[in-house]
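Contents: one structure, followed by commentary.
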Amino acid sequence: MSALLDQAAVETKPGFLSLTEGAIREVKRILESNKVPESMRLRVGVTGGGCSGMSYQLGFDQQRENDEVLSIGGLEVLLDKRHAIYLMGTEVDFVDGLQGRGFEFKNPNAKKTCGCGSSFSA
């Protein structure tokens, strides 16, 4: 990763959440190709459910009252303050290879994860 792209992964609140250069590039590609309304921001969160107890959320949404707004790689990322305890230190990556294509979460708080990587227990 180049020094310039290393800087792109620095967030406004260190330790909260980070996106790799691949994730940043893919989110920007989606924003441009799908004509997501300008009022929408990337939301990262969790919800109850999944085979391990909690599932990750990733999508576009408008800012809400309990949101922390992070600036990561030129993106405004929304994180509900109540979800921060589950996502503290998590890295969101985008992979595109023989094993599949999509966003992956590397969460240091996950005590157990499911085989597909989309749910965890903390």
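Everything quoted here is computed from the prediction, not taken from an experiment.
Tracing side-chain contacts under 4.5 Å through hydrophobic residues (I, L, V, M, F, W, Y), one reaches I30 starting from V44; they form part of the same cluster.
Counting only distance, with no hydrogens or angles, the side chain of N107 and the backbone of Y86 share a donor-acceptor pair below 3.5 Å. Remark: side-chain polar atoms of D67 are not paired, donor with acceptor, to backbone N or O of V69 under 3.5 angstrom.
Here the shortest heavy-atom pairing between Q62 and S39 reads NE2-OG, 3.1 Å. G89 and P108 make their closest contact through O-CD, 3.5 Å (heavy atoms, listed as atom of the first residue, atom of the second, distance).
With contacts defined as side-chain heavy-atom distances shorter than 4.5 Å, the pair L31/F60 qualifies. Put simply, the side chain of V46 does not reach to within 4.5 Å of the side chain of S55, judged on heavy atoms.
A distance of 13.0 Å separates OH of Y56 from OG1 of T47, quoted to the nearest 0.5 Å. The CG atom of D93 sits 9.5 Å away from atom CZ of F103, with the distance rounded to the nearest 0.5 Å. If you take CD on E68 and CG on L17, they are separated by 11.0 Å, rounding to the nearest 0.5 Å. Rounded to the nearest 0.5 Å, atoms CG (L87) and CZ (F105) are 7.5 Å apart. Taking NE2 of H83 as the reference point, atom CG of L78 lies at 12.0 Å (rounded to 0.5 Å). Here CZ of R43 is found 11.5 Å from CZ of R41. Values are rounded to the nearest 0.5 Å.
With respect to E21 and R25, a salt bridge is recorded, a charged nitrogen being found less than 4.0 Å from a carboxylate O.
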Handout entry: Full working for side chain to side chain contact (heavy atoms under 4.5 Å, CB included) between E26 and R29
Key = CA-CA 5 Å; E26 183 64 11; R29 186 194 68 74; 2.7 Å; yes
